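This report refers to the structure that appears directly beneath it.
Numbers restart at 1 for each chain; the letters A, B, ... are given by sequence-line order, proteins then strands. Being a predicted model, the structure only gives us computed values, none of them experimental.
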Number of protein chains: 2
Amino acid sequence: MATIRDVASLAGVSRATVTRALQEPDKVSPARLSRVKEAIRVLGYRPNMLSQTFRKNQARTIVVLAPNLANPFFSKVIAGIVAAADERDFRVLVGATDGSVSKEFDFVRMVESRLADGIIQMNPFTLSERNAVLPHQHVPAVSVAGVPGTPYSCVRIDNRAAAKECILHLAASGHQKIGIVTGPTHNSNTMVRLEGVKAGLEEAGLSYNPNLVREGDFRMLSGLQATESLMQDGPDPKPTAIFCMNDEMALGAIRALHTLNLRVPEDVSIVGFDSLDFSAFFMPPLTTVEQPGYDMGVSSANILADIIEGVSAGQESHDVVLPYRFIIRQSTAPVRVD
Amino acid sequence: MATIRDVASLAGVSRATVTRALQEPDKVSPARLSRVKEAIRVLGYRPNMLSQTFRKNQARTIVVLAPNLANPFFSKVIAGIVAAADERDFRVLVGATDGSVSKEFDFVRMVESRLADGIIQMNPFTLSERNAVLPHQHVPAVSVAGVPGTPYSCVRIDNRAAAKECILHLAASGHQKIGIVTGPTHNSNTMVRLEGVKAGLEEAGLSYNPNLVREGDFRMLSGLQATESLMQDGPDPKPTAIFCMNDEMALGAIRALHTLNLRVPEDVSIVGFDSLDFSAFFMPPLTTVEQPGYDMGVSSANILADIIEGVSAGQESHDVVLPYRFIIRQSTAPVRVD
DNA sequence: CTGTTAGCGCGTTCAT
DNA sequence: ATGAACGCGCTAACAG
């Protein structure tokens, strides 16, 4: 592999001239410039980026931390991040943490060791835990799809308002017994959305009943199981509607109801959260909250790039709240009057 | 940020000793070792990986090229790649190509410029096109979920046999008119699976009718549209079964049939391909070919790492064929006898 | 076992 | 406009 030296000697100039020819061509005489270009062509010279990166002490690389790469909502966000990063000449490294704190820490060390310049965190910040890896000194970071109160920059929607709107929609349709399938109890998004649920119930003049709540893990199977539990072991009368804290669990819920010979939405209404592409094609199409995942990815990448490039101080942390959209499809209907 | 020099001077040793203390601790006397460790602790020293990477001239990074990050099957493969790469101390860079050849080329240049060590390509190699970016001199590469005949290492399933099995399953259930929804016509996987379709039809004593074939793009909407076209504009009698070349399109097909008031599988049987998690939860659960996406990711990452590390010559290219599994669920049934 | 020396490939002075 | 010289942080070769 040809180096800058080979180019210089073939062109009969100094290495500095080659560098200049590449970076500030107008500061090089036309004659030498063309000689250099020719030499580059002949040798098939490619600047060693590893060296450049080392010399400039920045990798132009950001790390995306995802608890679970299989989650399609995260895929959407990543797509946005990759697009925006590419635009600003940053590479994107994927970090699958599987929810492990030690893995997260490995990635923080990567930016400490300069192998990456910053982190985008998809796992919501947990206010209760003391051992959060982020924020971390000298580690530019942005939280995406997180919660208010995150002690560093954050791009999100108003989860509380969105969840509240879901409940109000159901209540307006006459539903009085509303089952809730949450994410993991300690998850901040679960907590915030649950606040919204309670606010919605209160505003609708309904009471919050913990017996109508089941913990899921944001995956389909848990939505299925939670729903079975709700409809079989739950208090009577059974819920006529279920709010699931993401679409995957909502699809699992619909499946469970089908198995129990209950129709959606005639017997039970279902509301999801996230708006996966699949959800519009499901039967029935799912009523859900659309998070602008791609845009959230774009926004978070740009904010992180700003911090890394020093455009943003990095001290004052942003809290960007993007608009969500509540989409009413066919999985919800007025409560049946028997 | 403390450098190795700071550590050396604080510990009162040479830089080389610090390096050794970090890499071959047993070759350093216990006394100095502890002095060095203490200095590292005090200074909070982290080796500059950028420098290491530069010095060793390898980034320990692989690039994954995906035409579309939103495709859940690719997400599965990526998850496997990330897990295996992590195991072998490689980082994973995601490259969204959007099917653009020039973007692919950018990533090839990244490995030429040493910013990455190799490439995993998810876009199948196209035999017909002459301007394929890969294989490329000095660019270790592995194709995953590709086709036989790929001129570099490849991890795949036997698409032809799998597609054939789908057709034979339908034929055995009495279906004579079988609609086909393909991927993009020029896509190699489409071509190979179509071969399997033809082989299956022939073995079943059925003829191949191009009028029963529609081109899709592997996305849900195209499956929906293709199915509408098949059931409305297609030749009579209408198909009693449709084979879709991936699950997303199959879900779109089911949706279309539902809108047309046709039941699945009573009126029309549907077979998919890939086995997404969603497909088992759909109504009805989808009969499909399960590709071991995660394992394919793991395998491809290991092969690439072998090539990069020189374990494998890189000259002789592997062609690893992993087993698929044909899963019969409830979207297929014997043809109805009127 | 240890320190000295010599680069890796490049960008960046600083003279000229 | 150009080249010589230095150094980024680290590892590897050699001598001791």
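Between B:H136 and B:F105, the ring planes lie perpendicular to each other; the angle is over 60°, past the 30° to 60° tilted range.
Between B:Y152 and B:V139, the closest side-chain pair of non-hydrogen atoms is not below 4.5 Å.
No hydrogens or angles considered: nothing links the side chains of A:Q137 and A:E112 as a donor-acceptor pair under 3.5 Å. Side-chain atoms of A:S14 and A:T17 form a donor-acceptor pair, as typed in the model, at a separation below 3.5 Å.
Ion pairing of A:D306 with A:R88 is present here, as a side-chain N (NZ or NE/NH1/NH2) and a carboxylate O approach within less than 4.0 Å. Looking at A:E38 and A:R35, no side-chain N of the basic residue comes within less than 4.0 Å of a carboxylate O on the acidic one, giving no salt bridge. Under 4.0 Å is where a charged nitrogen must lie from a carboxylate oxygen, and between A:D86 and A:R91 no such pair does. A salt bridge is defined here as a Lys NZ or Arg NE, NH1 or NH2 lying under 4.0 Å from an Asp or Glu carboxylate O, and B:E104 with B:R109 fails to meet this definition.
One atom, CD1 of B:I4, and another, P of D:dG7, lie 18 Å apart when rounded to the nearest Å. Between B:K27 atom NZ and D:dG16 atom P there is a gap of 20 Å when expressed in whole angstrom units. In this structure, the CD atom of A:E24 is 13 Å from the C1' atom of D:dT2, given to the nearest Å. If you take NZ of A:K56 and P of C:dG9, they are 18 Å apart, rounded to a whole angstrom.
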Let's go through A:V142 and A:Q121 carefully: what are the C-alpha distance in whole Å and the side-chain angles of both, what is the deciding distance for side chain to side chain contact (heavy atoms under 4.5 Å, CB included) to 0.1 Å, and is it a yes or a no?
CA-CA 6 Å; A:V142 177; A:Q121 169 68 286; over 6 Å; no
I'd like to know whether A:V321 forms a side chain to side chain contact (heavy atoms under 4.5 Å, CB included) with A:R156, so could you lay out the CA-CA distance, the side-chain angles of the two residues, the decisive distance to 0.1 Å, and finally the verdict.
CA-CA 5 Å; A:V321 181; A:R156 60 182 180 91; 3.5 Å; yes
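Contact annotation: B:S29 reaches the phosphate of C:dT2 (side-chain N/O to OP1 or OP2, under 4.0 Å). A close approach under 4.0 Å does not occur between any side-chain nitrogen or oxygen of A:Q52 and OP1 or OP2 of C:dG9. Regarding contacts with the backbone of C:dC8, every side-chain N or O of A:R55 stays at 4.0 angstrom or more from both OP1 and OP2.
Sequence order on DNA chain C of the closest nucleotides to B:P30 and B:N57 puts B:P30 first from the 5' end.
Atom CZ in B:R46 sits 13.5 Å away from atom CE in A:M110 (nearest 0.5 Å).
Within the 4.0 angstrom heavy-atom criterion, no nucleotide atom of any strand lies near A:D6.
Looking at residues 32-50 of chain A, you'll see A:Y45, A:P47, A:N48 sit with a heavy atom under 4.0 Å from some atom of DNA chain C. Only B:V13, B:S14, B:R15, B:A16, B:T17, B:R20, listed by number, bring a heavy atom of residues 7-23 of chain B to less than 4.0 angstrom from any atom of DNA chain C.
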Can you give the dot-bracket line for DNA chain D, using ( ) for pairs inside the strand, [ ] for pairs that cross earlier ones, | for pairs with another strand and . for unpaired bases, where Watson-Crick and G-U count if both distances are under 3.5 Å?
||||||||||||.|||
